[in-house]
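Shown next, in structure tokens, is the structure this report addresses.
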Protein chains: 2
Amino acid sequence: MLMPESARDGLDSFDLAILDILQRDNTIAHRIIGERVNLSAAAVHRRVRRMQENGVITGNFAVVDPARVGQPITIVVEVEVESERLDLLDAARRSFAADPAVQQCYYVTGDADFVLIVTVASMSGYDALTRRLFFGNHNVRRFRTLVVMDRIKTGLAVQLPNPSREPI
Amino acid sequence: MLMPESARDGLDSFDLAILDILQRDNTIAHRIIGERVNLSAAAVHRRVRRMQENGVITGNFAVVDPARVGQPITIVVEVEVESERLDLLDAARRSFAADPAVQQCYYVTGDADFVLIVTVASMSGYDALTRRLFFGNHNVRRFRTLVVMDRIKTGLAVQLPNPSREPI
DNA sequence: TTCAGAATGCAAAAAAATCTCGATTTCGGT
DNA sequence: ACCGAAATCGAGATTTTTTTGCATTCTGAA
């Protein structure tokens with residue numbers, strides 16, 4: 001039985017080459033991408049659209065320098081909860097995710113339970129955040145604050161597999 | 001004395017409204033953005049270009065789902081160094097930044113020195129990474145591994161100030 | 001109030017994205 | 001190795017967006 005190709009999940013070397021470009025800069029014209037990967041612009045366009053519909057590409061974003069919009073401080077926070085009861089974890093999860101100061105939130109194994117990356121305008125802004133998210137939540141046992149002195153590398157780019165002949 | 005506007009740094013409420021849209025989706029046509037913020041497409045375009053030249057917008061990226069390209073595991077690593085000698089710190093910084101498995105790297109105050117966010121294909125891939133980056137670097141005293149069970153929120157969007165009348 | 005620089009909207013030009021369609025390639029089954 | 005269905009391709013037509021030029025309007029300082 002043949003799976004309809006339009007629904008297929010695998011990525012071939014063309015797809016990977018295209019992703020590699022778009023991860024770095026999604027404003028490059030399809031015609032240029034086509035020249036680099038040896039496809040027509042139409043073919044590039046079809047592949048990009050499919051990867052978006054497929055969910056391989058999850059979004060297209062402009063990245064803003066936090067310092068230039070009044071959020072010069074980045075902080076990593078490790079949060080430990082009291083109880084791992086599912087409903088309580090979920091409540092914490094939701095409150096972290098909903099806060100606009102929280103850029104990223106990970107639920108992790110190990111000593112900590114959550115790792116948050118937040119941006120704030122000032123330390124008093126961070127103080128307000130701790131009240132809002134941590135002191136205001138009785139399920140938060142403790143949290144550890146790691147103030148970022150240098151954002152050495154930021155981004156969401158993922159390492160792509162070696163472009164082999166076979167789809168993944 | 002009037003500073004040439006083309007070099008000015010401040011963002012007015014139009015700029016902020018535009019950033020707010022582009023942070024979520026930078027594929028929206030300028031005509032549509034213009035309708036939403038009450039500007040012509042040309043004005044939107046000029047503002048976007050200026051913010052890119054200014055460095056307010058640092059990049060435009062497509063985001064790829066790591067799991068769909070063979071990197072299903074995300075790990076947060078805290079790294080503690082032996083010596084804070086500048087040249088040694090710099091060497092560590094560079095090796096972390098250069099590794100394609102390292103998505104993000106922060107230099108932080110507190111117990112840890114670096115916080116890394118890495119994506120890997122498997123735990124043995126992570127093992128290889130620890131050899132490469134940590135055991136292979138004698139300045140790394142110890143590292144703590146926090147395996148991500150749920151990527152609750154990811155992204156690089158920044159909270160924007162209240163669109164007031166005055167430029168920032 | 002006046003003035004100069006800056007930003008705007010409109011309209012045209014240039015470029016890019018999107019669509020169509022016939023030709024080609026790929027792929028599984030025989 | 002061969003065949004046929006299905007997917008993909010490239011080229012060109014079409015639509016849409018981006019970009020530029022220009023006259024006008026806005027804004028802030030004197």
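Here is the naming used below: chain letters follow the sequence lines, and residue numbers restart at 1 for every chain.
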Worksheet item: Rounded to whole angstroms, how far apart are CD1 on B:Ile33 and P on C:dG9?
Response: 14 Å
Worksheet item: To the nearest angstrom, how far is B:Gln52 atom CD from D:dT19 atom C1'?
Response: 13 Å
Worksheet item: Tell me, for nucleotides 10-21 of chain C in 5' to 3' order, what letter each nucleotide earns: B for a base near a protein heavy atom under 4.0 Å, S for only sugar-phosphate near one, - for neither?
Response: B-----SSSBB-
Worksheet item: If you draw the axis of the six-membered ring of A:Tyr107, does the NZ or CZ of A:Arg93 fall within 45° of it and under 6.0 Å from the ring centre?
Response: yes
Worksheet item: Which heavy atom of A:Leu116 sits nearest a heavy atom of A:Cys105, and at what distance?
Response: CD1-SG, 3.9 Å
Worksheet item: B:Phe134 vs B:Phe143 aromatic rings, parallel, tilted or perpendicular, using cut-offs 30° and 60°?
Response: tilted
Discussion item. Nearest whole Å is fine: how far is D:dA7 P from A:Asn54 CG?
Written reply: 14 Å
Response to the item:
Between CG of B:Leu39 and C1' of D:dC26 the distance, given in whole Å, is 13 Å
Worksheet item: Between A:Gln104 and B:Gln104, does a side chain to side chain donor-acceptor pair (under 3.5 Å) hold up when you go through it step by step?
Response: CA-CA 11 Å; A:Gln104 300 169 53; B:Gln104 301 169 53; 2.9 Å; yes
Item to complete: Round to a whole Å and report the spacing from CZ of A:Arg47 to C1' of D:dC9.
Response: 9 Å
Discussion item. Between P on D:dC9 and CZ on A:Phe14, what's the gap in Å once rounded to a whole number?
Written reply: 7 Å
Worksheet entry | Set of residues satisfying salt bridge (charged side-chain N to carboxylate O under 4.0 Å, His left out) with respect to B:Arg24, sequence neighbours excluded | B:Asp20
Practice prompt. Report the distance from atom CG of A:Asp15 to atom P of D:dA7, rounded to the nearest whole Å.
Written response: 16 Å
Distance-only donor-acceptor hits, side chain of residues 35-43 of chain B, under 3.5 Å, sequence neighbours excluded:
unit_1	atom_1	unit_2	atom_2	d
B:Ser40	OG	B:Ala43	N	3.2

Worksheet item: Rounded to the Å, how far apart are A:Ile18 CD1 and D:dT8 P?
Response: 12 Å
